[in-house]
Amino acid sequence: MKQQIAILGATGSIGGNTLDVIARHPERYAVFAVTAATKVEAMVDICRTHRPRFAVMTDVDAAEVLRTRLAEMRCDTEVLAGPQHLVAVAQSAEVDVVMAAIVGSAGLPACMAAAHAGKRLLLANKEALVVGGDLFMQAVRTGGATLLPIDSEHSAVFQSLPQERSLWASSIDKIILTASGGPFRDWDPERLPQVTPEQACAHPNWVMGRKISVDSATMMNKALEVIEARYLFDVEPACIEVVIHPQSVVHSMVQFVDNSVVAQLGTPDMRVPIAYGLSWPERMVSGAAALDFASMGQLTFSSADSPINRQRYPGLRLAWEAMASAPGTTAVLNAANEVAVDAFLTGQVRFDQIHAINLHALESVDPGVIQTIDDVLALDRRSRVAAQSYAKALQR
């Protein structure tokens with residue numbers, strides 16, 4: 001029997017790479033459902049090629065356009081309209097694997113639903129853990145879900161650890177996340193206020209969406225990954241380190257208590273962690289190019305915590321500060337950052353003001369008591385309001 005896959009966020013880079021890997025193994029996988037927000041043309045192409053049972057458009061108007069287009073093509077994919085259907089397909093009894101690739105906290109309810117339903121959950125949406133935290137991990141445990149990381153760094157850590165999870169606590173000394181440093185890793189920090197959205201989105205190594213590209217440029221993506229690693233691998237924040245590795249060949253490392261280090265290497269291609277998540281504990285062809293060690297050249301590493309890098313990437317330290325604060329603070333940080341990045345991409349604030357907005361939200365929003373997912377979502381909304389208000393104030 002083919003495994004049925006639901007891809008949440010099918011029109012993004014992770015979604016496209018997932019569809020590519022699935023197409024290489026038609027005997028093993030079938031696309032059950034794909035979801036998107038507004039990108040009708042991309043969904044038309046996906047439905048024409050992969051013929052999923054369902055296509056979910058969270059934007060109702062876009063759903064109607066897609067429904068008309070598919071009818072004209074005589075494509076029998078059923079179009080569902082509205083965000084509630086993200087949850088429906090994620091927990092469907094017919095789905096075996098959920099690829100969670102929706103950017104931001106918007107993907108949290110569907111991730112929670114997949115976890116409660118006991119799915120194999122391939123987590124490319126780091127915000128689900130950053131925002132959901134202990135509540136999300138509790139849903140994974142109680143639902144009996146298999147949670148597999150798809151971020152290249154966390155997949156690398158997972159691949160470097162013993163398969164027997166009971167050995168993790170006694171054997172891990174340190175998790176070392178690598179970062180490319182983004183497009184401004186050699187810039188004088190004084191130049192950063194002049195950065196344009198086009199410059200920030202021009203990542204030197206990876207092909208990614210605009211939001212995560214900006215996060216890479218500020219290194220906020222690494223801050224969120226530090227928080228994600230804390231929950232995925234159940235380690236103390238002090239046991240997580242970030243190093244800058246411009247070549248993006250070593251995707252992350254684990255240092256064990258005997259001081260040996262195990263690393264995962266590969267070309268910067270997201271199809272590798274996607275294929276591993278789909279086939280785990282086996283491996284299968286991903287479509288990624290092999291490393292050529294003879295022509296690779298040097299692999300270099302430097303501290304992300306050096307004085308100059310603290311100026312280039314002030315947001316990185318917010319990860320540890322948020323984790324040391326009241327429960328829910330990481331959700332405040334994530335919501336503020338989503339607002340700040342959007343304000344930068346739309347020309348409302350400067351690149352360096354992204355950090356200022358994040359700091360303001362952390363200082364002004366009280367997380368309160370977090371007991372349910374509704375509490376988390378309410379905190380997310382309050383944090384966005386605070387960040388949006390401050391972003392508007394910066395424009396005056």
Side-chain angles (χ1 to χ4, degrees), residues 9-18 36-39 42 100-107 123-128 130 150-155 177-187 189 191-228 242 244-249 251-252 267-274 304 309 312-316 318-319 333-358 387 391:
T11 59
S13 60
I14 296 294
N17 280 314
T18 302
T38 60
K39 294 182 179 178
I102 296 174
V103 175
S105 60
L123 191 67
N125 174 294
K126 62 175 66 68
E127 292 86 356
V130 172
I150 299 301
D151 270 349
S152 61
E153 296 83 1
H154 301 92
S155 177
L177 302 179
T178 57
S180 71
F184 311 127
R185 61 191 174 218
D186 298 319
W187 279 40
R191 296 177 58 196
L192 295 179
Q194 284 73 53
V195 164
T196 67
E198 290 70 27
Q199 290 172 320
C201 291
H203 196 282
N205 299 352
W206 297 91
V207 177
M208 305 183 293
R210 285 169 66 79
K211 194 269 181 182
I212 193 171
S213 294
V214 175
D215 282 347
S216 179
T218 63
M219 206 101 94
M220 182 53 65
N221 72 321
K222 211 55 52 177
L224 299 179
E225 286 168 13
V226 167
I227 299 168
E228 184 182 7
V242 176
I244 293 179
H245 170 51
Q247 296 81 18
S248 295
V249 171
H251 296 302
S252 278
T267 51
D269 191 322
M270 287 305 299
R271 290 177 294 179
V272 173
I274 290 168
N309 282 330
R312 286 195 188 100
Y313 313 112
L316 178 60
L318 296 181
L333 175 60
N334 177 75
N337 186 64
E338 288 187 24
V339 169
V341 170
D342 181 68
F344 167 68
L345 286 172
T346 54
Q348 300 173 57
V349 300
R350 299 193 311 265
F351 180 79
D352 60 306
Q353 291 174 326
I354 294 173
H355 180 61
I357 294 170
N358 292 340

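No hydrogens, no waters, no symmetry mates; every other heavy atom, side chains included, goes into these values.
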Q | Residues that His251 engages under ring-ring contact (aromatic ring centres under 6.0 Å, His included), provided they are two or more places apart | A | Trp206

**Q.** Non-neighbouring partners of Pro314 that pass side-chain contact (heavy atoms from CB on, under 4.5 Å), sequence neighbours left out
**A.** His355

Q) What pairs with Tyr313 under ring-ring contact (aromatic ring centres under 6.0 Å, His included), at least two apart in sequence or on another chain? A) none

Please tabulate, for the side chains in residues 217-224, all donor-acceptor contacts under 3.5 angstrom to protein atoms that are two or more places apart in sequence or on a different chain.
from, atom 1, to, atom 2, distance (Å)
Thr218, OG1, Val214, O, 3.4
Thr218, OG1, Asp215, O, 3.2
Thr218, OG1, Met220, N, 3.1
Lys222, NZ, Glu153, OE2, 2.8
Lys222, NZ, Thr178, O, 2.9
Lys222, NZ, Glu225, OE1, 2.7

Q. How would you list, by chain and number, every residue that makes a side chain to side chain donor-acceptor pair (under 3.5 Å) with Arg191, sequence neighbours excluded?
A. none

**Q.** side chain to side chain donor-acceptor pair (under 3.5 Å) partners of Ser252, counting only residues at least two apart
**A.** none

Q | Under the side chain to side chain donor-acceptor pair (under 3.5 Å) test, residues paired with Ser105 that sit two or more places apart | A | Asp380, Arg384

Q) Can you list the residues that meet the side-chain contact (heavy atoms from CB on, under 4.5 Å) rule with Ala42, with sequence neighbours excluded? A) Thr11, Lys39

Q) Taking only residues two or more places apart in sequence or in another chain, which ones pass side-chain contact (heavy atoms from CB on, under 4.5 Å) with Ala343? A) Gln348, Val349, Ala391

Q: Go through the structure and list residues passing salt bridge (charged side-chain N to carboxylate O under 4.0 Å, His left out) with Arg210, not counting sequence neighbours.
A: none

Q. Which heavy atom of Pro193 sits nearest a heavy atom of Asp352, and at what distance?
A. CA-OD1, 3.4 Å

Q: Go through the structure and list residues passing salt bridge (charged side-chain N to carboxylate O under 4.0 Å, His left out) with Arg271, not counting sequence neighbours.
A: Asp20, Asp269

Q) Which residues pass the side-chain contact (heavy atoms from CB on, under 4.5 Å) test with Thr196, sequence neighbours left out? A) Glu198, Gln199

